[in-house]
Amino acid sequence: MPELPEVEVTRRSFAHRILGARIVASEPGLPLRWPLGRAADELVGQTVRAVDRRGKYLLLMLDEGVLLVHLGMSGSLAFRPDLPPPGKHDHFDLVTTQGTLRLHDPRRFGAVVWSPALDADPARKLLSTLGMEPLGEQFDPAAFYAGLRRRRAPIKQVLLAGDVVVGVGNIYASEALFTAGIRPTTRADRLSRARSDRLHAAVRQVLARAVERGGSTLRDFSSAVGESGHFQLEAAVYGRGGQPCVVCATPLRQIRQGQRSTFFCPVCQRA
DNA sequence: CTATGGACCTGAATGC
DNA sequence: TGCATTCAGGTCCATA
């Protein structure tokens, strides 16, 4: 469910409500990607000063240190004054004076990690390899092009890898490449400057639009306060293998790249 | 250093 | 109905 737009929409939905709240308890359930360990106790008594985002990580800035929350493949957050007892797939509760933040994550690829500071481990290690923020100013065409020049892998996989630009997941990678008219299998370092610029604009546009729409998703994404089922994903290509291209009606193709599905139009995306 | 494949985990959809 | 297989929005790690 969560690519950058969904994470950002989630952030906006509860950031202002949890601001200034004091942490009363921290209750981990089944282990997630990394064990929270003793850090759970460090949280109690601290106040939430800000909720930021870096890539697909949510950053709860506390008096001392930062709590990193990642939604993995299947995670979602709820924040409410009162929540029912945790269910089978609820694996973390952060109880505060203003409500409880709950991580629901069936597959448990998500993570909750405490770090004493952003530039100290483990936050430093997790965040230091991340590429540019696609919606920030540092994401400019020249820097993007420079990043692509150093990579020989297929452009789709370079987008997904997140070390040039963060936040582009499997859905939006196919969508952005379609918008830019670029074949997903093209080597990143073979893109001309002009085509790189088009992709740069497409990545920005596709992600920004999804954020505006309140986070699109295949099924039923909902924000942390339960505003549900916002929008169906208006995918031009993702999940539409064999169906006609919205532009030229040619049947769309589905291929495998690095064990992930990729969708494209063989006519609109020639090279 | 880059690139690739396997690993983590559960549930839903599909095929026999 | 049951059972095996495939697939799913992410990313870390070991290996070439």
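Below, chains carry the letters A, B, ... as their sequence lines are ordered, and counting in each starts from 1.
Within a 6.0 Å sphere centred on CD of A:Glu137, heavy atoms belonging to other residues, nucleotides or ligands number 12 at most.
For the pair A:Phe79/A:Thr96, a side-chain contact is recorded, criterion being any heavy-atom separation below 4.5 Å from C-beta on. At a threshold of 4.5 Å between non-hydrogen side-chain atoms, the residues A:Asp82 and A:Thr100 do not count as touching. Counting heavy atoms from C-beta on, the side chains of A:Val166 and A:Arg54 come closer than 4.5 Å.
Straight-line distance from the CG atom of A:Leu30 to the C1' atom of B:dC9: 11 Å, rounded to whole Å. Distance, A:Leu71 CG to C:dA8 C1': 16 Å, rounded to whole Å. Taking atom CZ on A:Arg260 and atom P on B:dG5, their separation rounds to 14 Å, with Å as the unit. In this structure, the CD atom of A:Gln254 is 12 Å from the C1' atom of C:dA8, given to the nearest Å. The interatomic distance linking A:Leu68 (CG) with C:dT11 (C1') rounds to 14 Å, in whole Å. Rounding to whole angstrom units, CD of residue A:Gln257 and P of B:dG5 are separated by 11 Å. Between A:Gln259 atom CD and C:dA8 atom P there is a gap of 11 Å when expressed in whole angstrom units. Between A:Trp34 atom CH2 and C:dC12 atom C1' the separation is 7 Å, expressed in whole Å.
Nucleotide B:dC9 has no partner under the Watson-Crick or G-U criteria, as no pair reaches both atom distances under 3.5 Å.
Counting only heavy atoms from C-beta on, A:Ser261 has its side chain closest to C:dA8 among C:dT11, C:dC12, C:dA8. Closest approach to the A:Pro154 side chain among B:dT4, B:dC8, C:dC12 is made by B:dT4 (side chain taken as heavy atoms from C-beta onward). In this structure, of C:dC7, C:dG10, B:dT4, it is B:dT4 that holds the atom nearest to the side chain of A:Ala153. Checked against B:dT10, C:dT11, C:dC12, the side chain of A:Lys56 finds its nearest nucleotide in C:dT11. In this structure, the nucleotide among C:dC12, B:dT10, C:dG10 sitting nearest to the side chain of A:Thr129 is C:dC12. Among the nucleotides B:dG6, C:dA8, C:dG10, the one closest to the side chain of A:Arg256 is C:dA8.
Take the nearest nucleotide of DNA chain B for A:Arg33 and for A:Lys88: the residue whose nucleotide is more 5' is A:Arg33.
Under 4.0 angstrom from either OP1 or OP2 of B:dT10 there lies no side-chain N or O belonging to A:His89. Contact annotation: A:Lys125 reaches the phosphate of C:dC13 (side-chain N/O to OP1 or OP2, under 4.0 Å).
Using cut-offs of 30° and 60° on the angle between ring planes, the pair A:Phe139 and A:Phe144 is perpendicular.
In terms of polar N and O atoms assigned as donor or acceptor, the side chain of A:Arg151 never comes within less than 3.5 Å of the base of B:dT2 in a complementary pairing. Residue A:Arg107 places a side-chain atom within donor-acceptor reach of the base of B:dC9, judged by atom type and a 3.5 Å distance cut-off alone.
The same atom, P, is picked in B:dG5 and in C:dC7; the two are 15 Å apart, to the nearest Å.
Heavy atoms of A:Gly169 sit under 4.0 angstrom from primed sugar atoms or phosphate atoms, though from no base atom. As judged by a 4.0 angstrom heavy-atom cut-off over every strand, A:Arg187 is placed among residues making no nucleic acid contact.
Transitive grouping of hydrophobic side chains (ILVMFWY, heavy atoms separated by less than 4.5 Å) keeps A:Leu60 and A:Val113 in distinct clusters.
C:dT11 has no stacking from A:Phe109 on its base ring, since the centres under 5.5 angstrom apart and planes within 30 degrees of parallel are not both found.
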